[in-house]
Structures are given as C-alpha cells and as structure tokens.
2 protein chains.
Amino acid sequence: MGDGSIGKIGIRDVAAAADVSPTTVSHALSGKGRLPDATRRRIAAIAEELGYRPNANARNLVSGKSGLLGIVVSSSKETPFGLADFDYFIQLLSAATGAAVERGRALVVEGLRIGADAFGQVDVDGAIVVDPVSDDPLLDALDAAGVPVVTTGRRDGPPRDGRADCWVDNDHVKATESILTHLAEHGADRIGLISTSPVTSYTRDAIHGYEQWCESRGQERMIQVVEGPINEGAGVRAAEQLLEMSRPPDAIYATLDQLALGVLLAARAKGLNVPDDLMIAGCTDSQASAWAEPPLTAVTLNPEAIGQAAVSSLIDLIDGNGTVPEPVIIPTGIIDRQSTARAA
Amino acid sequence: MGDGSIGKIGIRDVAAAADVSPTTVSHALSGKGRLPDATRRRIAAIAEELGYRPNANARNLVSGKSGLLGIVVSSSKETPFGLADFDYFIQLLSAATGAAVERGRALVVEGLRIGADAFGQVDVDGAIVVDPVSDDPLLDALDAAGVPVVTTGRRDGPPRDGRADCWVDNDHVKATESILTHLAEHGADRIGLISTSPVTSYTRDAIHGYEQWCESRGQERMIQVVEGPINEGAGVRAAEQLLEMSRPPDAIYATLDQLALGVLLAARAKGLNVPDDLMIAGCTDSQASAWAEPPLTAVTLNPEAIGQAAVSSLIDLIDGNGTVPEPVIIPTGIIDRQSTARAA
DNA sequence: CGAGGGCGCAAAAACGTTTTTTCTTGCGCA
DNA sequence: TGCGCAAGAAAAAACGTTTTTGCGCCCTCG
C-alpha cells in the first residue's frame with residue numbers, strides 16, 4: 001500500500017530491477033557462485049540504491065543459526081552475582097554490545113537466570129560467559145547443547161577432550177604483583193589480601209600472585225577469603241579479621257571494589273587513617289571507588305577491551321568451522337588515588 | 001549423528017510421534033484450528049516429552065517479525081548520553097532484559113549509536129526509547145520506519161496525528177515537590193535547583209515542580225541549568241554559580257546524581273559543611289551517591305519497575321493490533337541519607 | 001568440425017514453521 | 001435415500017533467503 005516506501009523490498013525486487021534472477025542477486029551479494037565482476041557491481045549498486053536489506057530470518061533459517069549472541073555472568077549457588085552488581089560488568093557489556101551490533105549480530109543479555117536455562121526460549125548461536133565459576137551448571141549445559149562459548153577469565157577443571165578452550169583474560173598474576181609492588185613503593189610494610197573464594201581463575205591468579213610475591217619478599221602471608229555473598233559487609237568482616245591480628249597489615253589489597261569499600265568502612269570504624277595507618281587498593285574500578293573518601297586506588301582490567309575481544313573471538317569461533325581462535329590477553333593498569341598516597 | 005539427543009527435533013518429529021500431520025501439531029499447540037481438546041492435550045504432552053521447541057526463525061519468517069526488541073537511550077547532539085553513564089539506566093536495563101526473556105523475546109541493547117541507524121543491521125519489532133529528547137532524530141526515524149515505540153518519559157512536541165503515544169513515566173512534578181518538602185522539613189530555607197536543559201519531559205517536569213513549589217512557598221527561584229556534557233565538573237560549575245549569589249541557597253536539589261556529586265565537590269572546595277551549611281539531594285540513586293562523604297539523599301525512580309513496565313507495554317503494543325496500551329506511572333521514593341540530615 | 005569445458009545465469013529444492021485450502025467421514029434431516 | 005453440513009484432519013501454499021543442480025552458449029583444441 002502507498003507508494004511502496006513502506007513495503008519492504010526483498011531480493012526479488014532487486015532481481016526484477018536488475019533483470020536477473022534472485023539466485024544471481026544472492027550470488028552477487030555474497031560473493032559466491034560464478035559471476036563476472038561487472039554484474040556483481042551492477043547488482044550491488046542496484047541493491048544499494050533500492051535500500052535492500054536481506055531478511056535475517058530467512059537467511060538464518062537456511063543457515064540454521066539464530067543470529068543471536070548471548071552474554072551472561074557466571075554464577076553458582078555460592079556466588080550469586082547479578083548483572084548490576086559490578087561496574088566492571090557494565091563496562092564490559094557496553095563494549096560488547098557495541099562490537100556485536102557493529103558486526104550485524106544482536107547481543108542478548110541474560111537477565112533473571114534460572115538454573116541452566118540461561119536464555120529461556122531464546123536460543124543463541126554462541127555465548128560469552130563472564131568469569132566462569134567452577135561449578136556453574138550453565139557451562140556444562142552450554143557444552144552439552146553444543147553452544148560455542150567464549151569465556152572471560154579461564155575455565156576451571158581438566159581440559160575437555162577435543163575441544164580447545166577459547167577465552168579472553170587479563171594477566172592477573174602480573175597485575176597482582178604490580179599493585180603489591182605499588183603499595184610497597186608507597187611505604188607499605190605488611191600487605192594483606194582479601195579475596196573471594198577461588199572459584200574463578202581471576203581469584204586463583206590473584207592469590208597465586210600474592211603468595212608468589214610474599215615468597216620473593218619474605219613477607220608473611222595474610223589472606224582472608226570471603227565466603228558467601230559479596231558486598232561491603234563481607235569486606236568489613238574480612239578486614240576486621242586482618243586488623244585484629246597481633247601484627248596487623250598496614251595495607252590491604254582486595255580483589256573486588258566492593259570488598260575494598262568494606263575495608264574502608266572497617267578502617268573508619270577502627271579510627272584508622274587511610275592511607276597513613278592503612279592503605280587500601282581494590283581490583284576493578286568503579287564509580288563508588290572513585291567517590292569514596294578517600295578515593296580508592298584501583299587495578300583496572302580494561303573491561304571495554306575485554307568485551308570487544310570476547311565478541312570478536314566468539315564470532316570467529318562460530319564462523320570458523322572448527323578452528324578455535326587464540327586466547328587473548330588484555331593489559332591491566334593501576335589507577336592511583338589517595339587511598340595509597342601515604343606521606344613518606 | 002549420535003542417538004538423536006543432539007539433532008534438534010522439529011514439528012515433523014512431533015507429528016510423526018503423535019501420528020498426525022504437522023498442521024495438526026501446529027494447530028494443537030497454538031490453540032487455533034478445529035481440534036477436540038483431547039487431541040490437543042495428547043499432542044501437547046508428546047511435544048513436551050520430546051522437548052520440542054519451535055524454531056523461532058521459521059515462525060518469525062511467516063509472521064514477518066524479527067522477535068527482537070530494542071532498547072536505546074535517547075540522545076542528541078546537545079546531550080551525548082552513553083549507556084554506562086548512569087546507574088539508573090543499568091538498573092532499568094537489567095529489569096527490562098529479564099522481563100523480555102521471560103516472555104520469549106530477545107532484548108537488544110543499542111551500543112555505539114551512529115545517527116538514526118540505531119540498531120545497525122539488526123531490525124527490531126519494537127523499541128524502548130529511554131528519556132526521549134526533543135530533537136533526537138531516532139524517534140522520527142523509528143516513526144517513519146513504522147517501528148512501534150514505547151518511551152520511558154514522555155515525548156515532546158505536538159501529538160502526531162492518529163498515533164497515540166505509549167509511555168511509562170514517574171510523576172516527576174510530584175516527586176520534585178516531595179523532595180523539596182523533605183528538604184524544607186529538615187530545615188532548608190532557600191532551596192536551589194540544578195537541572196539539565198529541558199530537553200526531556202523529566203527535566204521539564206522537575207523545573208515545573210520546582211517553580212510551582214516556590215510559588216506556593218513564596219520562595220525566590222534559584223535555577224541553574226547545565227549545558228553541555230553532564231558530569232561532576234558541570235555540577236561543580238553550576239553549584240558555584242548558585243553559591244556565589246548574594247543570598248546563596250542553603251540546600252540544592254540536582255536532577256541527576258552526577259550533578260549532585262558535583263555540588264558536593266563544590267561545597268567541599270568552599271569549605272561548606274554538608275548538611276549543616278548546605279543540604280544536597282539528587283535525583284536517581286547510584287552507588288556513587290551512596291558512597292559519597294556524606295552519603296547523598298536521593299529521589300529514586302524505581303528504574304526496575306520502569307524497565308519491566310516498558311517491556312510489557314511494548315509487547316502489548318506490538319501484538320495488540322492497533323490498540324495502544326495505556327500510559328503507566330511508576331511511584332517514586334526518597335532515600336534519606338546524611339546529606340540532608342541537618343541538626344535541628 | 002565435433003567434443004569438452006568453462007562461463008553466465010536460472011530453475012528448483014530446501015530451511016521449519018504458519019496459514020489457507022481441500023479432503024474425508026459421519027450424521028441429521030427432508 | 002440422498003443431500004448438506006460440520007467436524008476432524010491432512011495437503012498445499014507461503015514466508016525470503018541460500019544452496020544445489022541444470023542448461024545453453026561460446027570458445028578452444030584435437
């Protein structure tokens with residue numbers, strides 16, 4: 001109806017305009033088949049002029065794909081993370097979604113997760129799983145369903161036969177060493193670590209990096225592992241444990257910004273001056289860290305870069321029949337703020 | 001290959017198992033056609049048992065829909081908002097995505113927005129536009145393309161002929177009045193307003209509510225409108241303007257949390273005590289507001305409820321041929337924190 | 001000069017549904 | 001006894017692509 005501006009134009013319309021068959025149009029635009037370049041260009045020009053946009057459903061129907069990518073934060077009963085819990089995830093998501101749309105895919109964010117049925121009725125061509133935890137049933141479910149997966153952070157457990165893992169990660173061991181060194185250089189003598197339980201590669205790496213660093217410096221290990229839900233309260237309790245030691249730390253590194261904020265609360269309650277009595281640093285930056293008093297020094301993981309790389313790898317994994325993209329390692333950095341600026 | 005657990009089962013498989021035709025299965029499951037209830041139930045049971053999940057592409061191909069919903073934050077040249085700028089949007093998005101998946105749709109988040117081509121190659125059945133600004137070309141583009149739109153916040157401009165607007169919003173006039181009253185009850189004498197330029201209904205309502213309130217109380221209007229990018233720096237500058245007045249305000253309400261945080265910075269720089277010399281409140285709560293020193297009182301808009309309602313309305317709008325869902329109004333609240341707890 | 005082989009393109013099949021149309025059977029009623 | 005009608009179900013068409021197969025034609029080479 002109307003003059004046609006509303007009626008979607010399909011491959012037949014292009015074919016009619018170019019006076020060729022739909023087959024030829026398809027071939028011309030996809031680069032397949034046997035056609036002289038002149039014809040290809042002619043058809044491409046006409047398609048462009050008509051504003052032809054192939055129907056994704058029809059295309060996907062033939063190829064057997066859905067055209068959708070999924071992204072989900074890994075969780076288990078022990079670690080009930082949610083989408084909005086961390087600024088880190090938001091930044092990652094934002095970058096991923098941009099990268100996906102740029103490449104013609106839609107990125108579906110998993111919301112309320114129920115068991116392994118992560119994407120409900122929606123089925124995806126592949127999924128990005130953020131910070132996979134060891135006992136997340138979702139990973140096994142995705143494997144069983146044959147869904148290509150890229151993880152952000154490395155998977156735990158023995159290598160699954162045949163299939164190579166595909167992941168994007170930071171070098172957390174190195175990042176941990178660098179923040180510890182940063183603290184030491186600013187005058188810290190005894191540095192404690194507050195970490196979540198080692199269910200993610202990220203945490204395991206941080207603990208490993210810490211232990212290695214202690215070893216090389218001959219410092220006593222002071223590790224407090226947080227169990228249960230991750231929030232400021234958990235950080236407070238962990239910090240209290242460390243600060244009640246006979247020889248308490250004079251600096252604490254927490255592997256999550258929310259824990260670091262908890263340390264700050266605990267320090268205040270104890271009347272400790274930050275950074276003079278106690279330095280505090282956290283991993284992953286956030287608005288809250290920046291706005292705390294004093295602002296907290298943070299290790300940044302470049303979540304935007306991680307998100308983009310993950311989408312890129314996932315698409316390569318889906319399209320590249322059988323060939324698995326190489327792992328990607330994203331550089332880290334330190335955002336130096338007042339919480340570690342002790343007067344010499 | 002294998003024992004069949006991998007080969008997706010389709011409507012034919014169900015038909016074969018039930019010893020009927022695919023047509024009958026389709027009718028049985030959709031409730032259409034003429035079938036005795038006994039047959040319907042029998043087929044439904046078999047489909048369930050086999051774990052039949054209809055292919056969304058095939059279905060959408062017939063119906064001419066894509067099965068995708070889009071969500072995007074409105075912006076224009078003057079107000080270059082980004083996805084990750086506000087905790088508010090994150091909370092809204094999180095709720096929306098859950099609501100969508102629950103109803104079998106995928107919610108696509110628009111990332112890097114370039115001109116009106118919001119969803120790139122991906123085309124959506126409908127879109128949620130968050131906080132529509134007057135001159136956002138996207139809205140016109142969506143209208144022109146015939147894409148059903150639900151806005152979060154009301155659209156500007158004259159009613160477009162024929163089509164009724166479909167929106168979800170808070171009562172910002174009332175919310176503004178209530179926070180102003182809250183400030184007054186805690187001892188504020190002269191309340192200033194910092195707002196973004198009135199490009200969204202939200203801002204216009206806040207300004208209107210403020211003016212109305214001033215009128216009824218006989219208070220001088222002290223409004224500072226922020227132009228350009230919205231960040232703490234903008235808040236600082238706006239606050240400085242207000243605080244340099246001959247009779248400066250002793251309380252400031254800012255219509256965005258980032259602006260309120262800027263006010264806090266300005267107060268600190270001027271050596272003003274918060275809340276004794278200056279009370280501060282912001283609209284939309286955020287982690288940073290909660291972690292500021294002192295923590296900032298905030299008007300909360302219940303973004304989760306907004307997100308859910310928007311998805312709900314959008315699906316109704318898409319499916320209900322012609323009938324436009326009623327507007328929805330979501331209640332607001334006040335999160336009372338230290339920045340407004342002036343000693344009597 | 002006839003056969004083989006590209007080349008340029010089109011016809012047809014396929015993807016998995018839904019929707020429309022057609023067929024069969026049994027039954028009530030004249 | 002025959003006719004029409006309704007119920008129940010199947011067949012066929014359609015959705016818009018891609019992929020596979022096929023068909024002329026011209027050129028080249030023996």
Side-chain angles (χ1 to χ4, degrees), chain A residues 4 6-44 46-47 50-68 104-105 121-123 125 318-319 321, chain B residues 4 6-44 46-47 50-68 104-105 121-123 125 318-319 321:
Chain A
I6 210 85
K8 285 295 283 179
I9 64 125
I11 201 172
R12 300 162 202 271
D13 302 298
V14 178
D19 201 34
V20 293
S21 74
T23 310
T24 304
V25 175
S26 175
H27 283 157
L29 296 179
S30 67
K32 304 187 175 175
R34 296 177 307 205
L35 291 180
D37 272 358
T39 307
R40 285 193 203 281
R41 279 193 300 271
R42 187 172 66 88
I43 293 178
I46 292 177
L50 263 51
Y52 168 64
R53 298 215 327 197
N55 178 307
N57 277 130
R59 177 178 279 183
N60 290 144
L61 181 56
V62 172
S63 70
K65 316 216 147 161
S66 70
L68 301 177
R105 318 286 180 118
Q121 299 300 338
V122 178
D123 58 22
D125 291 338
I318 292 171
D319 289 349
N321 345 277
Chain B
I6 210 86
K8 287 294 282 178
I9 64 124
I11 202 172
R12 300 162 203 271
D13 301 299
V14 178
D19 202 31
V20 295
S21 74
T23 309
T24 305
V25 175
S26 176
H27 282 156
L29 296 178
S30 68
K32 304 187 176 174
R34 297 178 304 203
L35 290 180
D37 272 357
T39 308
R40 285 194 204 280
R41 280 193 299 271
R42 187 172 66 88
I43 293 178
I46 292 177
L50 263 52
Y52 167 64
R53 299 215 324 197
N55 179 306
N57 275 318
R59 179 176 279 184
N60 291 145
L61 180 56
V62 172
S63 70
K65 316 217 146 162
S66 71
L68 300 178
R105 318 288 180 116
Q121 298 301 336
V122 178
D123 59 22
D125 291 337
I318 292 171
D319 289 348
N321 346 278

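Just so it is clear, the structure is predicted and the values come from calculations on it, not from any experiment. Proteins get letters first, then strands, A, B, ... in listed order; numbering begins at 1 in each.
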Worksheet entry | Contact check, side chains of A:Asn60 and A:Ser66, non-hydrogen atoms, under 4.5 Å |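 They are not in side-chain contact.
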From the set [options], return the single nucleotide nearest to any side-chain atom of [X].
| X | options | result |
| --- | --- | --- |
| B:Pro54 | C:dT17, C:dA10, D:dA7 | C:dT17 |
| B:Asn55 | D:dG16, D:dA9, C:dG16 | C:dG16 |
| B:Arg34 | D:dG8, C:dT17, D:dG16 | D:dG8 |
| B:Val20 | D:dA10, D:dA9, D:dG16 | D:dA10 |
| A:Ile11 | C:dG16, C:dG8, D:dT18 | D:dT18 |
| A:Arg59 | C:dT17, D:dA10, D:dT17 | D:dT17 |

To the nearest Å, how far apart are [X] [atom1] and [N] [atom2]?
| X | N | atom1 | atom2 | answer |
| --- | --- | --- | --- | --- |
| A:Asn57 | C:dT18 | CG | P | 13 Å |
| A:Arg12 | C:dA10 | CZ | C1' | 14 Å |
| A:Asp37 | C:dC9 | CG | P | 12 Å |
| B:Asn60 | C:dT18 | CG | P | 10 Å |
| B:His27 | C:dT18 | NE2 | P | 9 Å |
| B:Leu61 | C:dC15 | CG | P | 14 Å |
| B:Ile43 | C:dT18 | CD1 | C1' | 15 Å |
| A:Lys65 | C:dG16 | NZ | P | 14 Å |

Ignoring backbone atoms, establish whether [X] has a side-chain N or O less than 4.0 Å from OP1 or OP2 of [N].
| X | N | result |
| --- | --- | --- |
| A:Thr24 | C:dA10 | yes |
| A:Ser21 | C:dA11 | no |
| B:Lys32 | C:dT19 | yes |
| A:Tyr52 | D:dT17 | yes |
| A:Ser63 | C:dC15 | no |

Measure the [atom1]-[atom2] distance between [X] and [Y] for me, rounded to the nearest 0.5 Å.
| X | Y | atom1 | atom2 | answer |
| --- | --- | --- | --- | --- |
| A:Asn57 | A:Arg59 | CG | CZ | 11.5 Å |
| B:Asp13 | B:Ile46 | CG | CD1 | 12.0 Å |
| B:Ile9 | B:Asn55 | CD1 | CG | 12.0 Å |

Worksheet entry | Name of the residue among A:Thr23, A:Val25, A:Thr24 meeting side-chain contact (heavy atoms from CB on, under 4.5 Å) with A:His27 |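 Exactly one candidate clears the test, A:Thr23.
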Practice prompt. Report which part of the nucleic acid B:Thr39 touches: base, sugar-phosphate, or nothing (heavy-atom distance under 4.0 Å, all strands).
Written response: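 Sugar-phosphate contact only - B:Thr39 comes under 4.0 Å of backbone atoms but never of a base.
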Practice prompt. Examine the base of D:dA11 for any acceptor or donor lying under 3.5 Å from a partner atom in the side chain of B:Thr23, and report the outcome as yes or no.
Written response: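 Per atom types, the contact qualifies.
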Fill in: Full working for side-chain contact (heavy atoms from CB on, under 4.5 Å) between B:Ile318 and B:Lys65
CA-CA 10 Å; B:Ile318 292 171; B:Lys65 316 217 146 162; 3.6 Å; yes
